[in-house]
Amino acid sequence: MSHPLFIYFLISISLCNGCTAHRYTFTVKEVPYTKLCSTKKILTVNGQFPGQTLKVYKGDTIYVNVRNRASQNITMHWHGVEQPRNPWSDGPEYITQCPIRPGSDFIYEVIFSIEDTTVWWHAHSSWTRATVHGLIFVYPRPPTSLPFPKSDHEIPLIFGEWWKKDVREVVERFRRTGDEPNVSDALTINGHPGFLYPCSKSDTFELMVEKSKTYRIRMVNSAMNLILFFAIAKHSLTVVAADGHYTKPLNSTYITISPGQTLDLLLHADQNPKHTYYMAARAYHSNPGINFDNSTTIGILRYTSSTSSSSKHYPNLPYYNDTAAAFRFYTNIKSLYSGQVPVKISRRIISTVSINLLPCPNDSCQGPNGSRLAASMNNISFVTPNHVDILKAYYYHIKGVYGTRFPEFPPLLFNFTAEDPPLFLQTPRLATEVKMIKYGEAIEIVLQGTSLVGGGIDHPMHLHGFSFYVVGVGFGNYNVTEDPSNYNLEDPPYRNTATVPRNGWVAIRFIAENPGVWFMHCHFDRHLSWGMNVVFIVQNGRGLDQHILPPPPNLPLCY
């Protein structure tokens with residue numbers, strides 16, 4: 001009898017004609033790092049923070065052996081990689097796998113397909129992605145060339161957040177008390193806070209450039225809970241890709257980037273080389289009533305021919321609550337390719353995305369009015385299983401793990417963006433509900449923000465297993481008879497993470513041609529932890545090439 005690992009290998013090879021398979025080892029371990037005047041142990045991959053950059057060609061398959069040598073569970077997600085028919089290696093804990101326990105290993109098969117530019121990888125178990133993340137550079141397979149001028153150099157740029165405390169303590173506290181989590185103590189650029197923070201003069205990211213050369217910045221916002229504005233003094237940036245797909249060139253003096261999103265930017269070194277230029281990132285935050293890290297991380301851009309100079313230039317960033325600036329940037333991004341959007345849809349799903357409250361006995365929690373903070377989609381606060389993952393339950397027909405009654409329309413109709421909605425609307429239903437989708441359906445999802453519990457906030461919503469067209473965005477309540485007439489069905493951005501504006505809505509479209517179990521969630525990790533999630537199960541199609549791949553050997557065991 002053939003060994004199942006050999007059979008799995010043959011299937012993988014047959015799916016990857018002309019592709020290259022690379023192998024990596026990720027050893028997850030805790031190592032000490034010193035920042036902001038103190039030292040703590042953080043979770044890392046191979047001792048690095050941020051983690052290593054992976055480099056692949058379009059259509060490659062890579063195998064990543066994750067060796068958990070830390071003291072906590074871990075999983076890995078390949079954010080923006082569609083993983084055709086292969087949800088087994090997608091990574092969200094208890095959605096597509098059980099966690100890799102301390103002392104255990106698991107090999108992920110990461111199948112690249114339509115991704116063209118920059119995507120990323122990160123942990124997907126509790127808040128472990130705070131320090132476990134890195135970029136993936138995707139290159140066109142020769143002889144295909146880039147649709148924009150070739151750069152002289154490539155620069156990885158990763159935004160993050162840093163807590164002085166162990167992140168596990170932050171998570172334990174807000175889960176225990178029901179309150180919002182402590183905000184971070186610093187923002188970082190490539191792991192460096194910058195000289196505005198205590199003890200950080202030498203811990204500042206510095207980019208050296210040569211006059212007249214072009215630099216391709218491959219950027220991700222890996223921050224846990226913050227949308228960011230970013231700019232470089234005196235330098236314009238040209239956006240050429242977003243979330244792994246080419247865009248029409250967009251020149252801008254600043255960028256807005258939500259957690260989970262990637263951008264490819266061209267930087268032209270065309271300024272006076274004798275001067276020093278600063279880059280800066282700080283939060284875009286639309287609701288001042290909600291606590292956030294309002295500090296600024298600074299980096300330095302110097303020209304190689306520069307000498308010590310008193311001429312220093314700081315960038316102008318939009319004010320932290322400049323919603324018009326944030327969404328002007330988002331909506332100006334257009335797909336490079338026109339006419340690819342599904343014009344006719346077979347199903348429209350409308351879902352609220354809300355912050356909620358759960359009652360506590362004797363008002364004993366530390367959220368508003370003694371309650372516990374929660375979050376929901378269509379008034380269901382998602383309960384993550386803890387004994388078997390949803391993919392395994394679906395594939396092996398295990399009963400009692402999830403229900404299939406996620407509503408296609410908000411079950412409670414009200415003025416979603418009113419200033420003072422009725423209090424009874426604040427309590428969601430706790431459940432593990434999924435949405436079943438037939439293979440090949442043309443899906444439109446409208447995500448409607450609400451003003452519940454403190455007036456609402458923006459929500460960066462990420463869908464696993466798919467990229468989608470962001471066909472519309474607006475403020476106020478979505479109008480199903482009027483708003484679709486204003487959709488962009490010609491060249492909307494093709495993304496995997498779309499930002500729902502505070503008290504507004506966003507509409508996305510895609511064809512459900514990737515069978516599997518796929519997670520959708522807010523990429524603010526506090527909202528994910530509170531239940532702003534849903535699972536879409538795309539059923540098998542008729543042909544064998546429209547079926548989920550068989551499970552790999554040695555999946556992490558559930559306990």
Side-chain angles (χ1 to χ4, degrees), residues 82-85 87 90 92-96 342 345-354 356 374-385 388-413 416 428-450 459-471 478 480 496-498 500 505-523 527-528 530-541 546-548:
E82 293 197 9
Q83 292 276 37
R85 303 169 52 208
D90 190 50
E93 185 179 43
Y94 289 113
I95 306 300
T96 59
I345 60 171
S346 51
R347 179 182 292 193
R348 175 182 282 129
I349 299 169
I350 300 178
S351 176
T352 55
V353 284
S354 302
N356 302 97
S376 69
M377 296 181 67
N378 269 350
N379 204 48
I380 296 175
S381 187
F382 187 83
V383 178
T384 303
V388 62
D389 59 270
I390 292 176
L391 174 57
K392 194 176 283 113
Y394 170 66
Y395 192 83
Y396 291 109
H397 309 287
I398 301 172
K399 303 297 183 182
V401 177
Y402 62 86
T404 58
R405 295 183 296 173
F406 183 83
E408 291 195 5
F409 197 76
L412 299 175
L413 290 179
F416 300 119
R429 180 166 71 93
L430 296 170
T432 308
E433 299 288 354
V434 310
K435 192 67 187 173
M436 306 298 295
I437 303 291
K438 292 181 180 178
Y439 183 92
E441 284 193 285
I443 304 295
E444 177 176 299
I445 301 176
V446 178
L447 299 165
Q448 172 70 60
T450 78
H459 299 290
M461 301 299 294
H462 172 50
L463 176 60
H464 292 222
F466 294 92
S467 292
F468 50 72
Y469 292 97
V470 185
V471 296
Y478 177 75
V480 71
N496 58 60
T497 305
V500 183
W505 56 269
V506 68
I508 67 173
R509 288 187 177 184
F510 62 96
I511 304 294
E513 293 180 328
N514 191 8
V517 170
W518 305 112
F519 201 28
M520 186 177 207
H521 61 89
C522 184
H523 227 280
H527 295 173
L528 186 158
W530 290 340
M532 192 178 288
N533 321 315
V534 70
V535 169
F536 293 102
I537 297 182
V538 178
Q539 298 168 306
N540 288 335
Q546 298 173 354
H547 283 212
I548 297 175

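All residue numbers in this chain count up from 1 along the given sequence.
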| For residues Ser376 and Asn356, is any side-chain donor paired with an opposing acceptor at under 3.5 Å? | yes

For the pair [X] (side chain) and [Y] (backbone), establish whether a donor and an acceptor sit closer than 3.5 Å, ignoring hydrogens and angles.
{"X": "Asn540", "Y": "Ile548", "answer": "yes"}
{"X": "Ser354", "Y": "Asn379", "answer": "no"}
{"X": "Thr450", "Y": "Phe416", "answer": "no"}
{"X": "Glu441", "Y": "Ala512", "answer": "no"}

| Would the number of heavy atoms belonging to other residues, nucleotides or ligands and lying under 6.0 Å from CZ of Arg429 be above 12? | yes

| request: May I have the step-by-step check of side-chain contact (heavy atoms from CB on, under 4.5 Å) for Phe519 and Thr96, ending in yes or no? | output: CA-CA 9 Å; Phe519 201 28; Thr96 59; over 6 Å; no

Can you give me the closest heavy-atom contact between [X] and [Y], atom names plus distance?
{"X": "Asn514", "Y": "Val538", "answer": "O-CB, 3.5 Å"}
{"X": "Ile537", "Y": "Val434", "answer": "CD1-CG2, 3.9 Å"}
{"X": "Arg347", "Y": "Ile437", "answer": "NH1-CD1, 3.5 Å"}
{"X": "Val446", "Y": "Ala507", "answer": "CG2-CB, 4.1 Å"}
{"X": "Ala498", "Y": "Val506", "answer": "CB-CG2, 4.3 Å"}
{"X": "Pro515", "Y": "Tyr439", "answer": "CD-CE1, 3.8 Å"}

| Tyr478 vs Trp505 aromatic rings, parallel, tilted or perpendicular, using cut-offs 30° and 60°? | perpendicular

| request: I would like to know whether Glu433 and Val534 meet side-chain contact (heavy atoms from CB on, under 4.5 Å); could you show each step before the answer? | output: CA-CA 7 Å; Glu433 299 288 354; Val534 70; over 6 Å; no

Can you tell me how far [atom2] of [Y] sits from [atom1] of [X], rounded to the nearest 0.5 angstrom?
{"X": "Gln546", "Y": "Glu513", "atom1": "CD", "atom2": "CD", "answer": "8.0 Å"}
{"X": "Ile95", "Y": "Thr384", "atom1": "CD1", "atom2": "OG1", "answer": "5.0 Å"}
{"X": "Ile350", "Y": "Asn378", "atom1": "CD1", "atom2": "CG", "answer": "9.0 Å"}
{"X": "His459", "Y": "Leu447", "atom1": "NE2", "atom2": "CG", "answer": "10.0 Å"}
{"X": "Met461", "Y": "Met520", "atom1": "CE", "atom2": "CE", "answer": "5.0 Å"}
{"X": "Ser346", "Y": "Glu444", "atom1": "OG", "atom2": "CD", "answer": "10.5 Å"}

| note | Which of Phe536, Phe468, Phe466 passes ring pair (Phe, Tyr, Trp, His ring centres under 6.0 Å) with Phe510? Answer is Phe466

| task | Apply side-chain contact (heavy atoms from CB on, under 4.5 Å) to Ser351 and Phe406, showing your working. | result | CA-CA 10 Å; Ser351 176; Phe406 183 83; 3.7 Å; yes

| message | Taking the six-membered ring for Trp, are His521 and His464 closer than 6.0 Å centroid to centroid? | response | yes

Quick one: are [X] and [Y] in side-chain contact, heavy atoms under 4.5 Å?
{"X": "Leu528", "Y": "His523", "result": "no"}
{"X": "Trp530", "Y": "Ser381", "result": "no"}
{"X": "Ile380", "Y": "Phe382", "result": "no"}

| task | Decide yes or no on side-chain contact (heavy atoms from CB on, under 4.5 Å) for Lys435 and Met377, but give the supporting numbers first. | result | CA-CA 12 Å; Lys435 192 67 187 173; Met377 296 181 67; over 6 Å; no

